[in-house]
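Read the structure below first, then the notes.
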Amino acid sequence: MNRLINIGFGNVVNVDKVVAVIRPEAAPVKRMVQSAKDMGSCVDATCGRKCKAVIVTQTGQIILSALLPDTIAGRVNQIE
């Protein structure tokens, strides 16, 4: 069953495909995001705002969100 959560500005993600929601400040995460951008597997859902969360999916896609990881986790927990 597809369960979708809002990750900000009307953008939604399938909860069943999410592996991790992490903060983007660490150097390894920055390298991972840059690598995904270079390969074309990064989706920027920040709508021009500062990236506050990086969502990693099972398929290797990286999704950038302007919401905090705590906010996204809270929305996932509300669904469950």
| query | What residues, two or more places apart in sequence or in another chain, satisfy side chain to side chain donor-acceptor pair (under 3.5 Å) together with Thr57? | reply | Thr59

| said: Counting C-beta onward and ignoring hydrogens, is there a side-chain heavy-atom pair between Leu64 and Cys42 closer than 4.5 Å? | reply: yes

| request: Output, in order, the C-alpha distance, side-chain angles, deciding distance and verdict of side-chain contact (heavy atoms from CB on, under 4.5 Å) for Gln61 and Val13. | output: CA-CA 11 Å; Gln61 292 281 97; Val13 172; over 6 Å; no

| message | Among residues at least two apart in sequence or on other chains, which ones pass side chain to side chain contact (heavy atoms under 4.5 Å, CB included) with Ser35? | response | Met39

| said: Counting C-beta onward and ignoring hydrogens, is there a side-chain heavy-atom pair between Val15 and Leu4 closer than 4.5 Å? | reply: no

| salt bridge (Lys or Arg N to Asp or Glu O under 4.0 Å) contacts touching residues 46-72 (sequence neighbours left out) | none

| Taking atom OG1 of Thr71 and atom CD1 of Ile7, what is their separation to the nearest 0.5 Å? | 12.5 Å

| query | Minimum heavy-atom separation for Ser41 to Gly60, with atom names? | reply | OG-O, 4.1 Å

| task | Scan residues 35-48 for pairs that pass salt bridge (Lys or Arg N to Asp or Glu O under 4.0 Å), counting only residues two or more places apart or in two chains. | result | none

| By side chain to side chain donor-acceptor pair (under 3.5 Å) - contacts of Asn14 (at least two apart) | Asn2

| request: Give the cluster check for Leu67 versus Val43: same hydrophobic cluster or not, with ILVMFWY residues linked at side-chain heavy-atom distances below 4.5 Å. | output: yes

| task | Name all pairs fulfilling the salt bridge (Lys or Arg N to Asp or Glu O under 4.0 Å) condition that reach into residues 7-30, sequence neighbours left out, sorted by first residue then second. | result | Arg3-Asp16, Arg23-Glu25

| Ala26: side chain to side chain contact (heavy atoms under 4.5 Å, CB included) partners, not counting sequence neighbours | Pro28, Val29

| message | Could you report the tightest heavy-atom contact between Cys47 and Phe9, atom names first, then the distance? | response | SG-CB, 3.6 Å

| remark: Sequence neighbours excluded, the answer for side chain to side chain contact (heavy atoms under 4.5 Å, CB included) partners of Val21 is Val18, Ala53, Ile55, Pro69, Ile72

| request: Provide the closest heavy-atom pair for Ala66 versus Thr46 in the form atom of the first, atom of the second, distance. | output: N-CG2, 3.9 Å

